[in-house]
Amino acid sequence: MQQQKRQPELVEGNLPVFVFPTELIFYADDQSTHKQVLTLYNPYEFALKFKVLCTSPNKYVVVDAAGAVKPQCCVDIVIRHKDVRASHFGVIDKFRLQVSEQSHRKALGRKEVIAMLLPSAKEQQQKDEEEKRMKEHFAESVFFEQAPSQPDTRNSSSGPSLLMVFLGMVCIAALMMPTLGEMESMVPLYLHLSVNQKLVAAYVLGLVTMVVLRT
């Protein structure tokens with residue numbers, strides 16, 4: 001027997017819903033924007049039922065809030081803003097379009113559309129242009145990676161300073177000088193150092209040595 005082809009079972013809530021536009025912007029100073037049109041597309045090979053829900057139904061009038069879309073066709077849904085006042089400026093409302101098969105009640109898919117009322121189209125246009133300029137400015141900017149800061153190691157890498165070397169040599173020379181009272185030395189008497197002087201030289205040499213080792 002030849003088996004009949006069965007249409008695959010559709011899972012509730014997983015069917016993609018195609019709606020344009022995805023947001024509705026109404027302007028208080030432009031009455032032509034108080035009426036917006038949502039277009040629902042049906043690219044499938046079976047008809048769909050649709051229903052339009054809203055988070056603030058008292059602010060809008062939806063023409064044909066429920067209906068059907070034939071296979072591979074589309075339908076326009078007219079939405080009018082009927083409560084235009086300053087207290088609603090900037091408030092985000094949402095419309096939800098639910099679709100289902102004509103023979104079933106369960107929703108196969110849904111799509112949410114944002115709606116918002118703004119005070120002036122000109123002000124919004126200026127903001128959009130400013131944001132566009134900012135984006136273009138950042139897009140044209142070239143950024144380079146910042147190298148990590150490192151401590152200045154020029155002095156430490158160059159070894160001990162000349163002053164430390166000179167002091168060390170002076171202290172060593174002082175320790176090599178004869179002590180006062182030595183008579184057999186060939187060094188002139190004025191270069192003979194006392195014991196206290198040699199102690200001071202040894203102390204200074206120790207300090208210089210510590211500094212050199214640290215560098």
Side-chain angles (χ1 to χ4, degrees), residues 2-141:
Q2 185 178 2
Q3 295 182 353
Q4 295 181 351
K5 294 183 179 180
R6 296 181 59 187
Q7 182 177 346
E9 184 177 356
L10 298 173
V11 181
E12 182 177 0
N14 289 346
L15 185 71
V17 179
F18 301 92
V19 180
F20 183 83
T22 57
E23 63 178 15
L24 302 175
I25 305 299
F26 303 89
Y27 296 102
D29 64 344
D30 187 356
Q31 290 189 356
S32 63
T33 65
H34 296 178
K35 175 183 175 181
Q36 302 276 352
V37 177
L38 280 178
T39 302
L40 174 63
Y41 297 89
N42 179 12
Y44 305 106
E45 297 180 356
F46 50 90
L48 291 176
K49 293 189 303 182
F50 70 87
K51 180 186 296 185
V52 181
L53 307 175
C54 183
T55 57
S56 301
N58 296 330
K59 295 164 59 176
Y60 304 92
V61 173
V62 180
V63 181
D64 296 331
V69 191
K70 295 180 180 180
Q72 299 180 356
C73 294
C74 63
V75 63
D76 290 334
I77 304 170
V78 178
I79 298 178
R80 293 190 179 92
H81 201 304
K82 66 175 184 178
D83 194 5
V84 178
R85 49 180 165 174
S87 60
H88 294 158
F89 290 168
V91 178
I92 297 177
D93 300 320
K94 291 182 179 180
F95 289 92
R96 172 178 289 181
L97 280 81
Q98 293 185 173
V99 298
S100 61
E101 280 190 290
Q102 289 188 338
S103 58
H104 295 79
R105 292 185 178 180
K106 65 180 181 180
L108 296 178
R110 58 180 59 91
K111 181 75 172 181
E112 292 186 354
V113 177
I114 294 176
M116 184 166 52
L117 176 66
L118 297 178
S120 173
K122 294 182 180 179
E123 293 180 2
Q124 186 64 27
Q125 184 178 4
Q126 292 176 354
K127 290 182 180 179
D128 293 341
E129 291 178 354
E130 184 177 353
E131 291 179 359
K132 183 179 179 180
R133 287 195 299 268
M134 292 292 292
K135 290 180 180 179
E136 291 177 351
H137 173 73
F138 283 115
E140 295 173 357
S141 301

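Atoms considered below: every heavy atom in the structure, side chains included; atoms not considered: hydrogens, waters and symmetry mates.
- Across Q98 and A107, no two heavy atoms sit closer than the pair NE2-CB, 4.3 Å.
- For the pair Y27 and H34, the tightest heavy-atom approach, listed with the atom from each and the gap, is O-NE2, 2.8 Å.
- More than 12 heavy atoms of other shown residues, nucleotides or ligands fall within 6.0 angstrom of atom CG in D29.
- No side-chain donor-acceptor contact under 3.5 Å links D93 to the backbone of S56.
- Annotation for F20: atom CZ does not count as buried by contact number, only 12 or fewer foreign heavy atoms lying within 6.0 Å.
- A side chain to side chain contact (heavy atoms under 4.5 Å, CB included) with V113 is found for exactly one of V52, T22, V19, namely V19.
- Between F95 and Y60, the ring-plane angle classifies as perpendicular under the 30° and 60° cut-offs.
- Taking both residues in full, the closest heavy atoms of N42 and A47 are given as ND2-CA, 3.9 Å, listed atom of the first, atom of the second, then distance.
- Within a 6.0 Å radius of NZ in K111, no more than 12 heavy atoms belonging to other residues, nucleotides or ligands are found.
- Side-chain contact between L48 and L40 is absent, with no heavy-atom pair separated by less than 4.5 Å.
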Handout entry: Candidate pair V62 and I77, rule side chain to side chain contact (heavy atoms under 4.5 Å, CB included), full reasoning
Key = CA-CA 7 Å; V62 180; I77 304 170; 3.8 Å; yes

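- Between V17 and R110, the shortest heavy-atom distance links the atoms CG2-N, 3.5 Å.
- Taking both residues in full, the closest heavy atoms of P21 and L38 are given as O-CD2, 3.3 Å, listed atom of the first, atom of the second, then distance.
- Heavy atoms only, all atoms of each residue included: Q102 and A68 are closest at NE2-CB, 3.4 Å.
- A tilted orientation is assigned to the rings of H88 and H81, their planes being inclined by 30° to 60°.
- Within a 6.0 Å sphere centred on CD of E112, other residues, nucleotides and ligands contribute more than 12 heavy atoms.
- Here the CD atom belonging to Q36 is positioned 4.5 Å from the CZ atom belonging to F26, to the nearest 0.5 angstrom.
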